Each structure stands twice: as structure tokens, then as C-alpha cells.
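Written out below as C-alpha cells is the structure these notes cover.
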Amino acid sequence: MPKKVDHEARRQEISEALWRIAGTRGLDGASLRDVAAEAGISLGRLQHYFRTKDEMLLFALRHINRLAADRIRARIESLNEEPTPREVLRACLSGMLPLDDKSRIGLLVGAAYFARAVHDEALRAEAENGIPQLRAFFADQLRLAADRGELPPERATEDEAMLLISMADGLATYVLLGVHDPSTALRLLDLQLANLFGAERVAEGATTPSDCGADADADAESAPGEGKVSPSAAGDLPVSAAERA
């Protein structure tokens with residue numbers, strides 16, 4: 001009998017070849033032939049799974065988003081039995097920053113995808129659809145924090161949620177460009193959360209990338225009540241929450 005091929009696994013292997021190219025020399029000039037060579041397969045075999053570069057990029061982006069979402073969920077679940085909305089937001093926002101090789105490559109793949117999406121309406125829809133989900137998830141956490149008395153009610157809005165997303169996007173870009181190092185990006189993130197929530201201000205240099213749950217990342221790879229946030233809330237995290245992680 002012919003050997004049964006796991007097509008999903010093969011697509012993921014091709015995606016990982018694409019990520020390796022993204023992490024070493026970028027994707028601007030990378031062709032399907034380049035990715036096939038990196039994956040150790042023929043161009044014809046690659047085209048059996050992906051007909052175009054855009055199709056391959058979209059699959060790679062969705063796959064890396066799922067892995068990033070898993071890491072963020074693991075961070076949330078590792079916090080406390082009942083993490084606060086602020087802790088949930090910090091886990092999500094720090095997960096959107098390029099703090100290690102995996103998250104850096106994810107952002108590079110995303111950047112290549114978004115650069116093409118600017119001029120392609122079909123590709124752009126994928127990015128547009130993810131943002132409202134993430135904004136709504138963050139806004140729900142802000143409203144829960146207001147219900148718990150941890151945030152002024154007038155700050156629990158979708159506009160504030162969008163400001164948090166925009167801040168994480170900007171910090172991620174600056175880390176990639178070398179304007180900030182990861183520790184500085186985390187300190188600025190914590191400063192914004194302190195400005196929003198009020199207490200627990202962070203001293204300069206007090207935050208390091210390891211504070212974001214590196215142990216939880218390793219665990220993820222190896223494998224409620226009224227007014228409270230249960231770890232199960234991480235299950236509601238949209239994949240788009242990790243689109244740049």
C-alpha cells in the first residue's frame with residue numbers, strides 16, 4: 001500500500017522552512033523555489049501544497065499565530081489560579097513583542113504578509129478581520145477590571161483597547177529595528193499599564209524578558225466566578241491576539 005502522507009504536517013514543515021528564511025535573510029526576494037530548497041523538496045512537490053507565494057504566506061502566518069496563541073495561553077495559565085485582567089493583558093501584550101527568536105521570526109513573517117496585503121484586497125481582509133476580535137477581547141478585560149474596581153470605568157473602552165494594541169505594534173517594530181531592546185520595550189509596556197491602572201509603577205530596568213513567562217513558553221512547546229478571571233479565560237483568546245507574537 002502507498003504510504004499515507006500527513007498533508008497538514010507537510011504544510012507545517014514547509015511553513016517552518018519559510019520561517020527559517022525569514023529569520024536569516026528575509027522574505028522580500030524569497031521565491032517558491034527557495035522555500036522548496038530550504039524544505040528539502042522539489043518545487044513541484046511544494047506546489048502540490050501551495051500554488052502561490054501568497055497562499056503559502058497566509059498558511060505560514062496562520063500556523064505561527066496558532067503557536068503564538070498557545071504560548072500566550074500558557075503564560076496566562078502559569079500566572080495564578082485566578083489572574084487579574086491586568087495580568088491577562090500583560091501576558092497578551094508581551095506576547096506580541098519579539099522577545100525571543102520564535103516571536104521575532106513570527107513578526108518577520110507577519111511583516112512580509114502585511115506588506116503584500118497593502119496592495120491585495122483579499123490578503124488584506126485576513127488582517128482586517130483579526131483586529132476587531134483582539135480589540136473586543138482587550139476591551140472585555142478592561143471592563144472586567146472596571147467591575148472589580150481596578151480601573152476607572154471611563155477607561156474601560158474599545159478606544160483604550162486599541163491604544164494598547166497600537167502601543168504593542170509600535171514597540172514590536174522598534175525592537176525589530178533595534179531602536180529598543182526587549183527589556184526596554186517591556187518596561188515601556190509596564191509603564192503604560194501603570195498609567196492605565198494606576199498602581200504598581202515600574203522602575204527603569206526592573207523588567208526583563210524572562211518576566212514574561214519563558215518557563216511557560218517551554219511548557220507550551222512540550223506539550224470562574226463573578227468578578228474573577230479564570231485561566232480558562234485564556235481559551236477565549238483569539239488567535240489574532242498573537243498575530244505578531
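Because the structure is a prediction, the values reported are computed rather than measured.
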Heavy-atom closest contact (P153 atom, A146 atom, distance): CA-CB, 4.0 Å
Exceeds 12 heavy-atom contacts within 6.0 angstrom, atom CZ of R33: no
Nearest heavy-atom neighbours spanning V175 and A185: CG2-CB, 3.6 Å
Hydrophobic cluster identity match, L193 and F137, side-chain contacts under 4.5 Å: yes
Closest contact, heavy atoms only, A136 versus E158: CA-OE2, 4.3 Å
Flag if over 12 foreign heavy atoms under 6.0 Å of CZ, R25: yes
Interatomic spacing from CG in L108 to OG1 in T24 - rounded to 0.5 Å: 10.0 Å
side-chain hydrogen bond (donor to acceptor under 3.5 Å, both in side chains) evaluation trace for S166 with D169: CA-CA 5 Å; S166 300; D169 276 345; 5.7 Å; no
Rounded distance (nearest 0.5 Å) linking atom CH2 of W19 with atom CD1 of I21: 13.0 Å
Closest non-hydrogen atom pair, A161 against A139: CB-N, 3.7 Å
Whether Y49 and H7 hold their rings parallel, tilted or perpendicular, with breakpoints at 30° and 60°: tilted
Y174 OH: over 12 foreign heavy atoms closer than 6.0 Å: no
Exceeds 12 heavy-atom contacts within 6.0 angstrom, atom CZ of R124: yes
Single-linkage hydrophobic cluster, 4.5 Å side-chain cutoff, L151 and V88 together: yes
Pair D140 + R143, salt bridge at N-O below 4.0 Å: yes
Side-chain ion pair, E87 and R90, N-O less than 4.0 Å: no
Close side-chain approach of F59 and E8, heavy atoms under 4.5 Å: yes
Interatomic spacing from CZ in F50 to CZ in R10 - rounded to 0.5 Å: 11.5 Å
Straight-line distance of M162 CE to R135 CZ, nearest 0.5 Å: 6.5 Å
L142 vs L196, side chain to side chain contact (heavy atoms under 4.5 Å, CB included): CA-CA, chis, key distance, verdict: CA-CA 10 Å; L142 293 174; L196 181 61; 3.8 Å; yes
V179 reachable from M96 in the ILVMFWY side-chain graph, under 4.5 Å edges: no
Beyond-backbone contact of H63 with R11, side-chain heavy atoms, under 4.5 angstrom: no
4.5 Å side-chain heavy-atom contact, T184 and L188: yes
Check: M56 and R51 side chains under 4.5 Å, non-hydrogen atoms: no
Single-linkage hydrophobic cluster, 4.5 Å side-chain cutoff, I165 and I76 together: yes
Ionic contact status for D101 with R104, cut-off 4.0 Å: no
Check: R148 and P85 side chains under 4.5 Å, non-hydrogen atoms: yes
Which atom of L97 lies closest to which atom of L107, heavy atoms considered: C-CD1, 4.1 Å
More than 12 heavy atoms of other groups within 6.0 Å of E154 CD: yes
Minimal non-hydrogen separation, V35 against L18, with atom names: CG2-CD1, 3.8 Å
F197 side chain near T84 side chain, heavy-atom distance below 4.5 Å: no
Within one Ile-Leu-Val-Met-Phe-Trp-Tyr cluster: L43 and I14, side-chain cutoff 4.5 Å: yes
